[in-house]
2 protein chains.
Amino acid sequence: MSESTEEPGPHEPSLDEQIAAYQREFRDLDPQVEQVVSALGRLNRRMNVAYGRQVAALGISNAEWEVLKTLVLSGAPYRLGPGELAKRLGLTPAAMTHRVDRMAAEGLVTRDRDENNRVRVIVELTDVGRTKWLEAMRMASDFEEDLLQDLSGDERGVLGELLVRLLRRVEHAQPDAGGRLTDLD
Amino acid sequence: MSESTEEPGPHEPSLDEQIAAYQREFRDLDPQVEQVVSALGRLNRRMNVAYGRQVAALGISNAEWEVLKTLVLSGAPYRLGPGELAKRLGLTPAAMTHRVDRMAAEGLVTRDRDENNRVRVIVELTDVGRTKWLEAMRMASDFEEDLLQDLSGDERGVLGELLVRLLRRVEHAQPDAGGRLTDLD
DNA sequence: CCTTCTAAGTTTAGTGCTAAAGTCTTCGAG
DNA sequence: CTCGAAGACTTTAGCACTAAACTTAGAAGG
(Lines give C-alpha, C1' and ligand atoms only; values in the text may rest on other atoms or scores of the structure.)
Protein backbone atom coordinates (compact mmCIF):
# COMPACT_ATOMS: atom_id res chain seq x y z
CA MET A 1 0.00 0.00 0.00
CA SER A 2 1.85 3.09 -1.27
CA GLU A 3 -0.89 5.68 -1.57
CA SER A 4 0.40 9.22 -1.70
CA THR A 5 -1.81 10.06 1.30
CA GLU A 6 -0.87 7.44 3.85
CA GLU A 7 -4.34 6.79 5.36
CA PRO A 8 -3.96 8.92 8.47
CA GLY A 9 -6.34 6.78 10.46
CA PRO A 10 -8.88 8.85 12.37
CA HIS A 11 -7.83 10.08 15.78
CA GLU A 12 -9.77 10.66 18.96
CA PRO A 13 -10.63 14.35 19.10
CA SER A 14 -9.43 16.53 21.97
CA LEU A 15 -12.04 18.46 23.91
CA ASP A 16 -11.39 21.60 21.87
CA GLU A 17 -11.56 19.71 18.60
CA GLN A 18 -14.78 18.12 19.74
CA ILE A 19 -16.41 21.44 20.51
CA ALA A 20 -15.23 22.91 17.21
CA ALA A 21 -16.60 19.92 15.32
CA TYR A 22 -19.99 20.21 16.98
CA GLN A 23 -20.13 23.90 16.13
CA ARG A 24 -19.45 23.12 12.48
CA GLU A 25 -22.35 20.68 12.43
CA PHE A 26 -24.75 22.59 14.66
CA ARG A 27 -24.71 26.37 14.51
CA ASP A 28 -26.87 27.05 17.57
CA LEU A 29 -24.39 25.48 19.96
CA ASP A 30 -23.09 27.65 22.80
CA PRO A 31 -19.42 26.71 23.11
CA GLN A 32 -19.25 27.77 26.73
CA VAL A 33 -22.12 25.48 27.68
CA GLU A 34 -20.69 22.70 25.59
CA GLN A 35 -17.31 23.03 27.26
CA VAL A 36 -18.83 22.59 30.69
CA VAL A 37 -21.02 19.67 29.70
CA SER A 38 -18.45 17.81 27.63
CA ALA A 39 -15.73 18.23 30.23
CA LEU A 40 -18.12 16.92 32.89
CA GLY A 41 -18.91 13.88 30.81
CA ARG A 42 -15.34 13.07 29.92
CA LEU A 43 -14.10 13.63 33.43
CA ASN A 44 -16.65 11.31 34.85
CA ARG A 45 -15.92 8.55 32.38
CA ARG A 46 -12.23 8.71 33.14
CA MET A 47 -12.82 8.76 36.87
CA ASN A 48 -15.06 5.73 36.74
CA VAL A 49 -12.43 3.79 34.85
CA ALA A 50 -9.88 4.83 37.47
CA TYR A 51 -12.12 3.83 40.38
CA GLY A 52 -12.78 0.49 38.73
CA ARG A 53 -9.08 -0.23 38.50
CA GLN A 54 -8.44 0.83 42.05
CA VAL A 55 -11.08 -1.32 43.66
CA ALA A 56 -10.28 -4.23 41.35
CA ALA A 57 -6.90 -4.31 43.08
CA LEU A 58 -8.81 -5.05 46.29
CA GLY A 59 -10.69 -7.91 44.65
CA ILE A 60 -14.05 -6.18 44.41
CA SER A 61 -15.96 -4.73 41.49
CA ASN A 62 -17.17 -1.19 41.09
CA ALA A 63 -20.70 -2.51 41.56
CA GLU A 64 -19.80 -4.09 44.88
CA TRP A 65 -18.06 -0.96 46.02
CA GLU A 66 -21.21 1.06 45.36
CA VAL A 67 -23.16 -1.23 47.64
CA LEU A 68 -20.53 -1.00 50.37
CA LYS A 69 -20.59 2.79 50.16
CA THR A 70 -24.35 2.92 50.41
CA LEU A 71 -24.41 0.69 53.48
CA VAL A 72 -21.71 2.71 55.22
CA LEU A 73 -23.54 5.93 54.41
CA SER A 74 -26.62 4.59 56.15
CA GLY A 75 -24.61 4.63 59.39
CA ALA A 76 -24.31 1.98 62.11
CA PRO A 77 -25.54 -0.72 62.24
CA TYR A 78 -25.09 -0.60 58.45
CA ARG A 79 -28.33 -2.24 57.46
CA LEU A 80 -30.64 -1.63 54.52
CA GLY A 81 -33.18 -3.66 52.59
CA PRO A 82 -32.49 -4.78 49.03
CA GLY A 83 -35.25 -2.53 47.74
CA GLU A 84 -33.80 0.54 49.40
CA LEU A 85 -30.33 -0.32 48.09
CA ALA A 86 -31.72 -0.77 44.60
CA LYS A 87 -33.51 2.58 44.72
CA ARG A 88 -30.43 4.46 45.85
CA LEU A 89 -28.18 2.89 43.24
CA GLY A 90 -30.69 3.28 40.43
CA LEU A 91 -31.13 -0.46 39.83
CA THR A 92 -34.17 -2.70 39.78
CA PRO A 93 -34.85 -4.81 42.87
CA ALA A 94 -34.21 -7.90 40.76
CA ALA A 95 -30.67 -6.81 40.03
CA MET A 96 -30.06 -6.16 43.70
CA THR A 97 -31.22 -9.65 44.63
CA HIS A 98 -28.40 -11.10 42.56
CA ARG A 99 -25.81 -8.57 43.65
CA VAL A 100 -26.54 -9.32 47.28
CA ASP A 101 -26.31 -13.03 46.48
CA ARG A 102 -22.80 -12.58 45.17
CA MET A 103 -21.71 -10.27 47.95
CA ALA A 104 -23.08 -12.56 50.64
CA ALA A 105 -21.24 -15.49 49.04
CA GLU A 106 -18.04 -13.44 49.28
CA GLY A 107 -18.73 -12.58 52.90
CA LEU A 108 -19.04 -8.82 52.36
CA VAL A 109 -22.62 -8.70 53.67
CA THR A 110 -25.17 -10.94 55.35
CA ARG A 111 -28.74 -11.34 54.18
CA ASP A 112 -31.42 -12.22 56.74
CA ARG A 113 -35.16 -11.97 57.10
CA ASP A 114 -36.42 -9.25 59.41
CA GLU A 115 -37.91 -11.03 62.46
CA ASN A 116 -40.43 -8.25 63.09
CA ASN A 117 -41.71 -8.21 59.55
CA ARG A 118 -40.89 -11.41 57.81
CA VAL A 119 -41.54 -10.16 54.32
CA ARG A 120 -38.59 -7.85 54.68
CA VAL A 121 -34.95 -8.70 54.19
CA ILE A 122 -32.04 -7.03 55.91
CA VAL A 123 -28.70 -6.70 54.20
CA GLU A 124 -26.02 -5.96 56.76
CA LEU A 125 -22.37 -5.08 56.29
CA THR A 126 -19.95 -7.61 57.78
CA ASP A 127 -16.63 -6.68 59.33
CA VAL A 128 -14.96 -7.95 56.19
CA GLY A 129 -17.15 -5.68 54.12
CA ARG A 130 -16.46 -2.73 56.34
CA THR A 131 -12.73 -3.30 56.07
CA LYS A 132 -12.95 -3.54 52.30
CA TRP A 133 -14.84 -0.29 52.25
CA LEU A 134 -12.17 1.39 54.33
CA GLU A 135 -9.38 0.16 52.07
CA ALA A 136 -11.24 1.30 48.98
CA MET A 137 -12.01 4.64 50.60
CA ARG A 138 -8.35 5.21 51.33
CA MET A 139 -7.39 4.53 47.73
CA ALA A 140 -10.24 6.66 46.43
CA SER A 141 -9.48 9.63 48.60
CA ASP A 142 -5.81 9.50 47.64
CA PHE A 143 -6.84 9.43 44.01
CA GLU A 144 -9.24 12.31 44.47
CA GLU A 145 -6.69 14.42 46.30
CA ASP A 146 -4.32 13.74 43.43
CA LEU A 147 -6.93 14.72 40.89
CA LEU A 148 -7.44 18.11 42.53
CA GLN A 149 -3.75 18.64 43.12
CA ASP A 150 -3.45 21.49 40.60
CA LEU A 151 -6.29 23.51 42.16
CA SER A 152 -5.79 25.94 45.01
CA GLY A 153 -8.01 25.82 48.05
CA ASP A 154 -10.01 28.76 46.74
CA GLU A 155 -10.44 27.16 43.38
CA ARG A 156 -11.64 23.94 44.96
CA GLY A 157 -14.19 25.87 46.92
CA VAL A 158 -15.44 27.74 43.86
CA LEU A 159 -15.65 24.55 41.83
CA GLY A 160 -17.54 22.76 44.56
CA GLU A 161 -19.97 25.61 44.97
CA LEU A 162 -20.69 25.88 41.25
CA LEU A 163 -21.23 22.13 40.95
CA VAL A 164 -23.58 22.15 43.92
CA ARG A 165 -25.63 24.85 42.23
CA LEU A 166 -25.93 22.77 39.09
CA LEU A 167 -26.86 19.79 41.18
CA ARG A 168 -29.57 21.74 42.97
CA ARG A 169 -31.00 22.79 39.64
CA VAL A 170 -31.15 19.22 38.45
CA GLU A 171 -32.33 17.70 41.73
CA HIS A 172 -35.23 19.90 42.72
CA ALA A 173 -36.12 21.30 39.35
CA GLN A 174 -38.76 23.99 39.77
CA PRO A 175 -41.19 23.34 36.93
CA ASP A 176 -43.26 26.37 37.90
CA ALA A 177 -40.31 28.63 37.08
CA GLY A 178 -40.56 27.69 33.44
CA GLY A 179 -37.79 25.19 33.81
CA ARG A 180 -37.55 22.41 31.28
CA LEU A 181 -36.05 19.98 33.78
CA THR A 182 -38.72 17.49 34.61
CA ASP A 183 -38.55 14.93 37.35
CA LEU A 184 -35.39 12.91 37.12
CA ASP A 185 -36.02 10.06 39.53
CA MET B 1 -48.02 -1.38 64.03
CA SER B 2 -48.06 1.20 66.85
CA GLU B 3 -44.44 1.41 67.99
CA SER B 4 -43.61 4.61 69.82
CA THR B 5 -40.91 5.32 67.27
CA GLU B 6 -42.73 5.03 63.97
CA GLU B 7 -40.04 3.27 61.88
CA PRO B 8 -38.74 6.34 60.09
CA GLY B 9 -37.64 4.37 57.07
CA PRO B 10 -34.17 5.34 55.90
CA HIS B 11 -33.97 8.29 53.55
CA GLU B 12 -31.64 9.11 50.72
CA PRO B 13 -28.97 11.42 52.10
CA SER B 14 -28.50 14.90 50.68
CA LEU B 15 -25.05 15.82 49.45
CA ASP B 16 -24.21 17.54 52.73
CA GLU B 17 -25.48 14.64 54.78
CA GLN B 18 -23.45 12.30 52.63
CA ILE B 19 -20.24 14.22 53.20
CA ALA B 20 -20.91 14.45 56.92
CA ALA B 21 -21.55 10.71 57.11
CA TYR B 22 -18.32 9.90 55.30
CA GLN B 23 -16.42 12.15 57.66
CA ARG B 24 -17.86 10.32 60.66
CA GLU B 25 -16.69 7.00 59.22
CA PHE B 26 -13.40 8.13 57.76
CA ARG B 27 -11.48 10.85 59.58
CA ASP B 28 -8.91 11.60 56.86
CA LEU B 29 -11.51 12.81 54.40
CA ASP B 30 -11.11 16.32 53.01
CA PRO B 31 -14.66 17.68 52.83
CA GLN B 32 -13.78 20.14 50.10
CA VAL B 33 -12.41 17.41 47.89
CA GLU B 34 -15.34 15.19 48.67
CA GLN B 35 -17.80 17.92 47.78
CA VAL B 36 -16.29 18.34 44.35
CA VAL B 37 -16.08 14.62 43.64
CA SER B 38 -19.48 13.68 44.99
CA ALA B 39 -21.21 16.54 43.24
CA LEU B 40 -19.52 15.53 39.99
CA GLY B 41 -20.71 11.97 40.36
CA ARG B 42 -24.27 12.83 41.27
CA LEU B 43 -24.55 15.45 38.60
CA ASN B 44 -23.40 13.07 35.95
CA ARG B 45 -25.79 10.34 37.01
CA ARG B 46 -28.74 12.69 36.89
CA MET B 47 -27.70 14.07 33.55
CA ASN B 48 -27.40 10.64 32.01
CA VAL B 49 -30.88 9.75 33.17
CA ALA B 50 -32.14 12.97 31.65
CA TYR B 51 -30.38 12.39 28.34
CA GLY B 52 -31.77 8.88 28.21
CA ARG B 53 -35.31 10.17 28.59
CA GLN B 54 -34.83 12.86 26.01
CA VAL B 55 -33.49 10.63 23.27
CA ALA B 56 -35.98 7.89 24.13
CA ALA B 57 -38.65 10.36 23.03
CA LEU B 58 -36.99 10.27 19.60
CA GLY B 59 -37.11 6.49 19.51
CA ILE B 60 -33.40 5.88 20.05
CA SER B 61 -31.42 4.65 23.04
CA ASN B 62 -28.63 6.44 24.82
CA ALA B 63 -26.26 3.84 23.33
CA GLU B 64 -27.39 4.64 19.81
CA TRP B 65 -27.09 8.33 20.43
CA GLU B 66 -23.48 7.87 21.49
CA VAL B 67 -22.70 6.18 18.19
CA LEU B 68 -24.44 8.92 16.22
CA LYS B 69 -22.45 11.57 18.09
CA THR B 70 -19.17 9.80 17.43
CA LEU B 71 -19.85 9.50 13.71
CA VAL B 72 -20.85 13.16 13.42
CA LEU B 73 -17.74 14.18 15.35
CA SER B 74 -15.58 12.37 12.81
CA GLY B 75 -16.84 14.89 10.22
CA ALA B 76 -18.07 14.31 6.68
CA PRO B 77 -18.43 11.76 5.18
CA TYR B 78 -19.29 10.43 8.67
CA ARG B 79 -17.53 7.08 8.38
CA LEU B 80 -15.68 5.01 10.94
CA GLY B 81 -14.84 1.35 11.42
CA PRO B 82 -16.52 -0.68 14.15
CA GLY B 83 -13.18 -1.09 15.90
CA GLU B 84 -12.58 2.65 16.02
CA LEU B 85 -16.12 3.28 17.26
CA ALA B 86 -15.66 0.67 19.95
CA LYS B 87 -12.39 2.21 21.10
CA ARG B 88 -13.84 5.71 21.35
CA LEU B 89 -16.91 4.57 23.25
CA GLY B 90 -14.99 2.28 25.59
CA LEU B 91 -16.64 -0.93 24.38
CA THR B 92 -15.29 -4.17 23.02
CA PRO B 93 -15.41 -4.68 19.25
CA ALA B 94 -17.86 -7.53 19.82
CA ALA B 95 -20.35 -5.20 21.44
CA MET B 96 -20.02 -2.77 18.57
CA THR B 97 -20.75 -5.50 16.03
CA HIS B 98 -24.15 -5.99 17.59
CA ARG B 99 -24.85 -2.31 18.11
CA VAL B 100 -24.15 -1.62 14.47
CA ASP B 101 -26.40 -4.57 13.55
CA ARG B 102 -29.28 -2.99 15.37
CA MET B 103 -28.62 0.52 14.09
CA ALA B 104 -28.29 -0.70 10.50
CA ALA B 105 -31.59 -2.57 10.87
CA GLU B 106 -33.17 0.72 11.98
CA GLY B 107 -31.65 2.57 9.07
CA LEU B 108 -29.50 4.90 11.17
CA VAL B 109 -26.24 3.71 9.60
CA THR B 110 -25.03 1.50 6.77
CA ARG B 111 -22.39 -1.19 7.16
CA ASP B 112 -20.23 -2.10 4.16
CA ARG B 113 -16.91 -3.74 3.45
CA ASP B 114 -14.10 -1.39 2.48
CA GLU B 115 -13.36 -2.11 -1.20
CA ASN B 116 -9.69 -1.16 -0.84
CA ASN B 117 -9.09 -3.40 2.11
CA ARG B 118 -11.68 -6.06 2.29
CA VAL B 119 -10.99 -7.04 5.86
CA ARG B 120 -12.21 -3.65 7.00
CA VAL B 121 -15.77 -2.54 7.53
CA ILE B 122 -17.12 0.96 7.12
CA VAL B 123 -20.00 2.21 9.23
CA GLU B 124 -21.53 5.29 7.63
CA LEU B 125 -24.20 7.62 8.91
CA THR B 126 -27.36 7.72 6.79
CA ASP B 127 -29.46 10.83 6.25
CA VAL B 128 -31.95 9.38 8.69
CA GLY B 129 -29.19 8.96 11.27
CA ARG B 130 -27.93 12.46 10.71
CA THR B 131 -31.43 13.85 11.17
CA LYS B 132 -31.89 11.89 14.38
CA TRP B 133 -28.61 13.24 15.64
CA LEU B 134 -29.71 16.79 14.88
CA GLU B 135 -33.02 16.35 16.68
CA ALA B 136 -31.28 14.83 19.69
CA MET B 137 -28.68 17.58 19.66
CA ARG B 138 -31.37 20.24 19.73
CA MET B 139 -33.02 18.63 22.73
CA ALA B 140 -29.70 18.13 24.48
CA SER B 141 -28.52 21.68 23.97
CA ASP B 142 -31.82 23.04 25.25
CA PHE B 143 -31.48 20.84 28.30
CA GLU B 144 -27.90 21.90 28.86
CA GLU B 145 -28.74 25.57 28.52
CA ASP B 146 -31.47 25.04 31.05
CA LEU B 147 -29.10 23.27 33.40
CA LEU B 148 -26.68 26.20 33.39
CA GLN B 149 -29.45 28.78 33.59
CA ASP B 150 -28.56 29.89 37.11
CA LEU B 151 -24.92 30.58 36.26
CA SER B 152 -23.69 33.89 34.88
CA GLY B 153 -21.46 33.99 31.83
CA ASP B 154 -18.42 34.54 34.02
CA GLU B 155 -19.35 31.64 36.25
CA ARG B 156 -19.78 29.37 33.26
CA GLY B 157 -16.35 30.33 32.05
CA VAL B 158 -14.75 29.68 35.41
CA LEU B 159 -16.49 26.35 35.77
CA GLY B 160 -15.46 25.26 32.29
CA GLU B 161 -11.87 26.28 32.87
CA LEU B 162 -11.62 24.45 36.19
CA LEU B 163 -13.14 21.30 34.73
CA VAL B 164 -10.76 21.41 31.81
CA ARG B 165 -7.85 21.59 34.22
CA LEU B 166 -9.09 18.51 36.04
CA LEU B 167 -9.57 16.78 32.74
CA ARG B 168 -6.02 17.60 31.68
CA ARG B 169 -4.73 16.15 34.89
CA VAL B 170 -6.62 12.93 34.36
CA GLU B 171 -5.95 12.65 30.63
CA HIS B 172 -2.24 13.20 30.35
CA ALA B 173 -1.23 12.23 33.83
CA GLN B 174 2.43 13.02 34.35
CA PRO B 175 3.75 10.05 36.32
CA ASP B 176 7.22 11.61 36.54
CA ALA B 177 5.80 14.45 38.62
CA GLY B 178 5.04 12.07 41.42
CA GLY B 179 1.44 11.78 40.33
CA ARG B 180 -0.52 8.75 41.34
CA LEU B 181 -2.70 8.87 38.24
CA THR B 182 -1.60 5.99 36.12
CA ASP B 183 -2.67 5.42 32.53
CA LEU B 184 -6.40 5.52 32.20
CA ASP B 185 -6.97 4.15 28.71
C1' DC C 1 -62.27 -15.75 60.41
C1' DC C 2 -61.82 -15.30 55.37
C1' DT C 3 -61.18 -12.61 51.51
C1' DT C 4 -58.80 -8.99 49.20
C1' DC C 5 -55.20 -5.62 48.80
C1' DT C 6 -50.65 -4.07 49.10
C1' DA C 7 -45.65 -4.25 49.86
C1' DA C 8 -41.14 -6.55 49.49
C1' DG C 9 -38.42 -9.83 47.27
C1' DT C 10 -37.61 -13.39 44.01
C1' DT C 11 -37.95 -15.72 39.58
C1' DT C 12 -38.14 -15.87 34.49
C1' DA C 13 -37.37 -14.34 29.79
C1' DG C 14 -34.92 -11.55 27.04
C1' DT C 15 -31.18 -7.85 26.02
C1' DG C 16 -26.52 -6.03 25.80
C1' DC C 17 -22.26 -6.52 27.46
C1' DT C 18 -17.21 -8.92 28.06
C1' DA C 19 -13.71 -12.42 27.22
C1' DA C 20 -12.01 -15.62 24.41
C1' DA C 21 -11.99 -18.37 20.36
C1' DG C 22 -12.72 -18.37 15.36
C1' DT C 23 -12.69 -16.52 10.41
C1' DC C 24 -11.03 -14.16 6.69
C1' DT C 25 -7.92 -10.80 4.40
C1' DT C 26 -3.52 -8.83 3.83
C1' DC C 27 1.44 -8.49 4.50
C1' DG C 28 6.18 -10.18 4.86
C1' DA C 29 9.87 -13.69 4.77
C1' DG C 30 11.98 -17.48 2.89
C1' DC D 1 5.03 -18.72 -4.59
C1' DT D 2 3.81 -20.38 -0.37
C1' DC D 3 3.65 -20.32 4.29
C1' DG D 4 3.17 -18.04 8.57
C1' DA D 5 1.83 -14.06 11.20
C1' DA D 6 -0.91 -10.05 12.13
C1' DG D 7 -5.08 -7.30 11.89
C1' DA D 8 -10.09 -6.46 11.86
C1' DC D 9 -14.01 -8.05 12.58
C1' DT D 10 -17.49 -11.88 14.08
C1' DT D 11 -19.10 -15.66 16.84
C1' DT D 12 -19.80 -18.13 21.18
C1' DA D 13 -20.36 -18.71 26.06
C1' DG D 14 -21.36 -16.65 30.12
C1' DC D 15 -22.67 -12.78 33.18
C1' DA D 16 -25.38 -8.62 34.90
C1' DC D 17 -29.05 -6.09 33.97
C1' DT D 18 -34.38 -4.81 32.96
C1' DA D 19 -39.34 -5.77 32.63
C1' DA D 20 -42.81 -8.41 33.98
C1' DA D 21 -44.86 -12.32 36.29
C1' DC D 22 -44.92 -14.66 40.61
C1' DT D 23 -44.68 -15.62 45.88
C1' DT D 24 -45.40 -14.62 50.42
C1' DA D 25 -46.37 -11.78 54.69
C1' DG D 26 -48.89 -8.37 56.84
C1' DA D 27 -52.96 -4.97 56.76
C1' DA D 28 -57.85 -3.83 56.02
C1' DG D 29 -62.83 -4.93 55.61
C1' DG D 30 -66.78 -7.46 55.68
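Here is how names work: the chains are called A, B, and so on, in the same order as the sequence lines, proteins then strands, and each is numbered from 1. What you are looking at is a predicted structure, and each value in this text was computed from that prediction instead of being measured.
Protein atom CG of A/L89 is 13 Å distant from nucleotide atom C1' of D/dC17, rounded to whole Å. In this structure, A/I122 atom CD1 and C/dG9 atom P are separated by 9 Å, rounded to whole Å. Put simply, CG on A/L91 is 15 Å from C1' on C/dG9, counting in whole angstrom units. Between B/D112 atom CG and D/dA8 atom C1' there is a gap of 16 Å when expressed in whole angstrom units. Distance CG (B/N117) to C1' (C/dC24): 12 Å, rounded to an integer number of Å. Taking atom CE of residue A/M96 and atom C1' of nucleotide C/dT11, one finds them 17 Å apart after rounding to whole Å. The distance from atom CG of A/N62 to atom C1' of C/dT18 is 15 Å, rounded to the nearest whole Å. Rounded to a whole Å, the CG atom of A/D101 is 13 Å from the P atom of C/dT12.
Here the nucleotide nearest the side chain of B/P82, chosen from C/dT10, D/dC9, C/dT25, is D/dC9. Each of D/dC17, D/dA19, C/dG9 was ranked by its minimum atom distance to the side chain of A/A95; first place goes to D/dC17. Checking D/dC9, C/dG16, C/dT18 against every side-chain atom of B/V121, the shortest atom distance belongs to D/dC9.
For the pair A/T92 and B/R111, both in contact range of DNA chain D, the more 5′-proximal nearest nucleotide belongs to B/R111. Of the two residues near DNA chain C, A/V119 and A/H98, the one whose nearest nucleotide lies more 5' is A/V119.
Contact annotation for A/P93: base contact, defined as any heavy-atom pair under 4.0 Å involving a base atom. Counting non-hydrogen atoms under 4.0 angstrom, B/R113 reaches nothing in the nucleic acid.
Under a cut-off of 6.0 angstrom, the local environment of CZ in B/R111 is crowded, with over 12 non-hydrogen atoms contributed by other residues, nucleotides or ligands.
For A/R120 and C/dA8, the shortest distance from a side-chain N or O to OP1 or OP2 is below 4.0 Å. Between A/R99 and D/dC17 there is a side-chain polar atom (N or O) within less than 4.0 angstrom of OP1 or OP2.
Without hydrogens or angle criteria, A/R88 side chain to A/T70 main chain gives no donor-acceptor distance under 3.5 Å. With hydrogens and angles disregarded, a donor-acceptor distance shorter than 3.5 Å links the side chain of A/R156 to the backbone of A/L148.
When each of A/R42, A/E12, A/E34 is checked for a side chain to side chain donor-acceptor pair (under 3.5 Å) with A/Q18, only A/R42 meets the rule.
Taking the six-membered ring where the residue is Trp, B/F143 and B/Y51 present perpendicular rings, their angle passing 60° and hence far from 30°.
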